[in-house]
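All values below come from the heavy atoms of this structure, side chains included, with hydrogens, waters and symmetry mates left out. Keep in mind it's a predicted model, so treat the numbers as computed, not measured.
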Amino acid sequence: MRRAGPGARTAAPANTAQAADAAQTAGSAAAPHAAVREPLRTEFEFELPRGFVDESGTVHRNGAMRLATARDELIPLRDVRVRENPAYLSVVLLGRVITRLGTLGSVHDGTVENMFASDLAFLQDFYRQINAEGHTRAAVACPHCEESFEVELAGSRLGES
């Protein structure tokens, strides 16, 4: 399960005053460690642990999920299936935010409800991670030497870091 790393590009200044300020800051000896802002990532790639098997038997594992909007979280609450069974909320919600899965033309709640339970659990965790933190990295410490480092929580195979 792999994820693409964040890009290193920065957004262009919105106006000439900002551009002048940026140029002055870049040339200033007083600001040698000016923060570089990364553009907001709204889509995150993933690889399912098992993969979705379509009608023809093709396995689809690689996909992408976008950040959820308030509307994405509110619309499913009106769905009759969710009202009858609140556990169905995650199926409908994931069907809205998964933007790509393998070579499928579209992904919807019907796709999600036919996934293996392990893939559904993976996607639920992935959804929570990208929408709570905006990335899938977590700061951890080695239990032996106590050295701090970051790991990818979703998107790597078991045992890989």
Side-chain angles (χ1 to χ4, degrees), residues 1-12 14 35-161:
M1 294 165 270
R2 290 181 292 260
R3 276 198 345 81
R9 292 174 279 139
T10 57
V36 176
R37 293 186 69 180
E38 290 185 19
L40 176 64
R41 279 188 70 195
T42 59
E43 191 170 83
F44 298 82
E45 294 186 359
F46 62 82
E47 184 177 334
L48 295 174
R50 295 198 186 275
F52 173 75
V53 182
D54 67 16
E55 315 80 44
S56 66
T58 303
V59 178
H60 304 272
R61 294 183 73 198
N62 297 309
M65 182 184 296
R66 66 174 171 77
L67 292 176
T69 63
R71 182 178 180 91
D72 290 321
E73 294 196 347
L74 293 171
I75 295 282
L77 297 176
R78 291 190 244 158
D79 191 301
V80 174
R81 298 166 296 180
V82 174
R83 287 184 180 182
E84 291 175 0
N85 181 2
Y88 205 75
L89 174 63
S90 66
V91 171
V92 177
L93 184 54
L94 289 170
R96 292 182 61 86
V97 298
I98 296 172
T99 58
R100 180 175 41 83
L101 183 59
T103 58
L104 295 176
S106 66
V107 180
H108 48 81
D109 52 6
T111 309
V112 177
E113 71 183 356
N114 287 304
M115 290 183 172
F116 294 113
S118 58
D119 288 336
L120 178 61
F122 169 84
L123 290 169
Q124 289 169 331
D125 289 342
F126 192 71
Y127 174 91
R128 279 190 287 273
Q129 186 64 33
I130 68 171
N131 284 285
E133 302 294 328
H135 58 78
T136 57
R137 294 181 310 276
V140 296
C142 174
H144 301 290
C145 67
E146 298 182 10
E147 181 178 344
S148 295
F149 58 97
E150 285 188 346
V151 296
E152 290 290 331
L153 294 178
S156 62
R157 292 193 186 277
L158 203 55
E160 292 180 357
S161 295

Asks: Would T69 and L74 count as a side-chain contact (heavy atoms from CB on, under 4.5 Å) if you check the C-alpha gap in whole Å, the side-chain angles of each, and the deciding distance to 0.1 Å?
Replies: CA-CA 9 Å; T69 63; L74 293 171; over 6 Å; no
Asks: Could I get the full list of side chain to side chain donor-acceptor pair (under 3.5 Å) partners for D79, not counting sequence neighbours?
Replies: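 Residues passing side chain to side chain donor-acceptor pair (under 3.5 Å) with D79: R81.
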Asks: Would F122 and L48 satisfy side-chain contact (heavy atoms from CB on, under 4.5 Å), going step by step from the backbone distance to the final call?
Replies: CA-CA 7 Å; F122 169 84; L48 295 174; 3.9 Å; yes
Asks: Nearest heavy-atom pair of Y127 and A68: which atoms, and what distance?
Replies: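 Looking at all heavy atoms of both residues, the shortest contact is OH-CB, 3.2 Å.
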Asks: Measure the spacing between OG1 of T99 and CD of E43 and express it to the nearest 0.5 Å.
Replies: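 Here the rounded value is 3.5 Å.
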Asks: Counting C-beta onward and ignoring hydrogens, is there a side-chain heavy-atom pair between L67 and F44 closer than 4.5 Å?
Replies: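 Of all side-chain heavy-atom pairs linking F44 with L67, at least one is under 4.5 Å.
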Asks: Which heavy-atom pair separates G51 from V59 by the least distance, and what is that distance?
Replies: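 Taking every non-hydrogen atom into account, CA-CG1, 3.9 Å.
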Asks: Grab the two heavy atoms, one from P49 and one from D119, that are nearest each other, plus how far apart they are.
Replies: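 Nearest pair, atom of P49 first, then D119: CD-OD1, 2.9 Å.
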Asks: Assess whether a salt bridge exists between R96 and E73, defined as any Lys/Arg side-chain N lying under 4.0 Å from an Asp/Glu carboxylate O.
Replies: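 No, this pair does not count.
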Asks: Got a second to check how far L93's CG is from Y88's OH, nearest 0.5 Å?
Replies: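 Separation between the atoms: 12.5 Å.
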Asks: Do L89 and L77 make a side-chain contact, defined as non-hydrogen atoms from C-beta onward lying under 4.5 Å apart?
Replies: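 In short, these two side chains touch, coming nearer than 4.5 Å.
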Asks: Considering non-hydrogen atoms only, spot the tightest contact between E45 and R100 and give its length.
Replies: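 What the structure gives for the nearest pair is OE2-NH2, 3.5 Å.
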Asks: Does M115 form a side-chain contact (heavy atoms from CB on, under 4.5 Å) with L94? I'd like the steps, not just the answer.
Replies: CA-CA 11 Å; M115 290 183 172; L94 289 170; over 6 Å; no
Asks: With rounding to the nearest 0.5 angstrom, report the CD1 to CZ distance, I98 to F52.
Replies: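 Separation between the atoms: 10.0 Å.
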Asks: Mind running side-chain contact (heavy atoms from CB on, under 4.5 Å) on H60 and V107 for me, showing each step along the way?
Replies: CA-CA 11 Å; H60 304 272; V107 180; over 6 Å; no
